[in-house]
Amino acid sequence: MKQKAVVLDQAAINRALTRIAHEILERNKGVDNLMLVGIKTRGVPLSERLRDKIASIEGVEIPIGQIDITLYRDDLSHTSAGQEPEFRDADFQAQITGKKIILVDDVLFTGRTVRAAMDAIIDQGRPSQIQLAVLIDRGHRELPIRADYIGKNIPTSQDEVIVVGLDEVDKEEQVSIFEN
């Protein structure tokens, strides 16, 4: 693949997350009953950054959680014994029942990851609401899912790939478009 363009640098990512933090607070009228849940891998550091930004604005640190939705994907094959894969990895700082969950991910594309994440969350409890925050919305939805909070809309073709690099995971901080 060939890099076509860098669409967000470190400063732009920071500005987008600051804006999302303010939008979350405005829409939810503060931090009461909120919880951030990052989808592994890059949604986790993004949720931690949002938690820190919200804490600096409101002076209150809200609970966070993380989930690995790999085994909830509908595009995985069955196990060799013919059984459905089981969910194995969730870490929540608080009970999710009754909470307003802000689900955090890096890129929203087909919607399948978000659908799997909602299934995983509901298996852990019954939140009062699930909202979605993404750094990048690139379009091409296959499911009727939309983000409540978007860092940047980047319309792409099917031949393009969005690559998010975060210091915590990739030791670089940028969002790029690659082309086949």
Side-chain angles (χ1 to χ4, degrees), residues 13 16-17 20-21 23-25 27-28 31-55 58 60-79 81 83-152 161-171 173 175:
I13 291 170
L17 292 174
I20 290 170
E23 290 173 0
I24 288 169
L25 292 170
R27 177 173 177 174
N28 293 286
V31 297
D32 290 341
N33 222 23
L34 283 184
M35 181 177 190
L36 295 164
V37 175
I39 300 173
K40 288 185 177 179
T41 296
R42 287 168 190 81
V44 173
L46 291 173
S47 67
E48 292 167 349
R49 292 182 192 187
L50 284 170
R51 176 202 54 206
D52 295 345
K53 289 183 180 300
I54 289 170
E58 291 289 305
V60 176
E61 192 169 292
I62 62 175
I64 63 171
Q66 55 182 282
I67 54 174
D68 181 348
I69 54 84
T70 305
L71 297 176
Y72 272 88
R73 292 293 304 237
D74 62 2
D75 51 1
L76 287 179
S77 62
H78 295 286
T79 63
Q83 299 172 332
E84 289 290 325
E86 293 182 17
F87 179 65
R88 291 189 218 154
D89 195 8
D91 179 21
F92 300 108
Q93 291 181 347
Q95 284 289 339
I96 65 170
T97 298
K99 296 274 191 209
K100 291 182 195 173
I101 301 294
I102 312 294
L103 191 58
V104 182
D105 203 8
D106 57 349
V107 178
L108 177 57
F109 182 35
T110 62
R112 293 188 180 281
T113 297
V114 173
R115 187 217 42 90
M118 290 188 300
D119 287 348
I121 287 170
I122 290 169
D123 279 355
Q124 300 296 310
R126 177 135 170 94
S128 66
Q129 205 177 98
I130 299 175
Q131 300 170 23
L132 177 61
V134 296
L135 182 60
I136 305 296
D137 184 345
R138 65 169 287 192
H140 303 287
R141 223 67 84 238
E142 294 175 4
L143 300 172
I145 290 174
R146 66 166 178 78
D148 299 283
Y149 313 101
I150 301 168
K152 186 166 181 74
V161 176
I162 298 286
V163 176
V164 175
L166 299 175
D167 284 336
E168 298 92 335
V169 177
D170 309 293
K171 309 299 184 232
E173 190 85 5
V175 177

Inset, instruction - Determine whether Gln66 and Val37 make a side-chain contact, defined as any pair of heavy atoms from C-beta on separated by less than 4.5 Å. - result: no
Legend entry - Non-hydrogen atoms of Gly125 and Thr97 that approach each other most closely: CA-OG1, 3.5 Å
Legend entry - Check: Ser128 side chain, Lys99 main-chain N or O, donor-acceptor pair, under 3.5 Å: yes
Inset, instruction - Would you name the heavy atoms of Ala16 and Gly151 that are closest together and state the gap between them? - result: CB-CA, 3.8 Å
Legend entry - Spacing of CD1 belonging to Ile102 relative to CG belonging to Leu50, to within rounding of 0.5 Å: 9.5 Å
Inset, instruction - Please name the pair of heavy atoms, one in Ala133 and one in Ile20, separated by the smallest distance, quoted to 0.1 Å. - result: CB-CG2, 4.2 Å
Inset, instruction - Specify the closest pair of heavy atoms between Ile64 and Ser47, including all atoms of both residues, with the distance to one decimal. - result: CG2-O, 4.4 Å
Inset, instruction - Rounded to the nearest 0.5 Å, what's the gap from CG on Leu36 to CD on Glu61? Could you check? - result: 10.0 Å
Legend entry - Enclosure of Gln95 CD (heavy-atom neighbours >12, cutoff 6.0 Å): no
Inset, instruction - First locate atom CG of Asn28, then atom CG of Asp148, and finally report the distance between them rounded to the nearest 0.5 Å. - result: 9.0 Å
Legend entry - Interatomic distance, Gln129 atom CD to Leu34 atom CG [nearest 0.5 angstrom]: 9.0 Å
Inset, instruction - Measure the shortest side-chain to side-chain distance between Ile67 and Gln124 over non-hydrogen atoms and say whether it is less than 4.5 angstrom. - result: no
Inset, instruction - Output all residues satisfying ring pair (Phe, Tyr, Trp, His ring centres under 6.0 Å) with Tyr149, sequence neighbours left out; order by chain, then residue number. - result: none
Legend entry - Pairwise side-chain contact, Arg141 with Asp137, heavy-atom cut-off 4.5 Å (strictly under): yes
Inset, instruction - Would you indicate whether the side-chain heavy atoms of Thr110 and Leu143 approach each other to under 4.5 Å? - result: no
Legend entry - Note, Val163 side chain near Val161 side chain (heavy atom, < 4.5 Å): yes
Legend entry - Spatial distance of atom CD1 (Ile96) from atom CD1 (Ile130) [nearest 0.5 Å]: 7.5 Å
Legend entry - Closest non-hydrogen atom pair between Ile69 and Ala120, with its separation: CG2-CB, 4.2 Å
Legend entry - Side-chain heavy atoms of Ile145 within contact of Met118, under 4.5 Å: yes
Legend entry - Closest non-hydrogen atom pair between Leu108 and Arg146, with its separation: CD2-C, 4.3 Å
Legend entry - Verdict with supporting geometry, Asp170 and Arg42, side-chain contact (heavy atoms from CB on, under 4.5 Å): CA-CA 9 Å; Asp170 309 293; Arg42 287 168 190 81; 2.7 Å; yes
Legend entry - Val31 vs Leu25, side-chain contact (heavy atoms from CB on, under 4.5 Å): CA-CA, chis, key distance, verdict: CA-CA 6 Å; Val31 297; Leu25 292 170; 3.4 Å; yes
Inset, instruction - Assess whether side-chain contact (heavy atoms from CB on, under 4.5 Å) is satisfied between Leu166 and Glu173, documenting all intermediate values. - result: CA-CA 5 Å; Leu166 299 175; Glu173 190 85 5; 4.1 Å; yes
Legend entry - Spatial distance of atom CG (Leu46) from atom CG (Leu135) [nearest 0.5 Å]: 5.5 Å
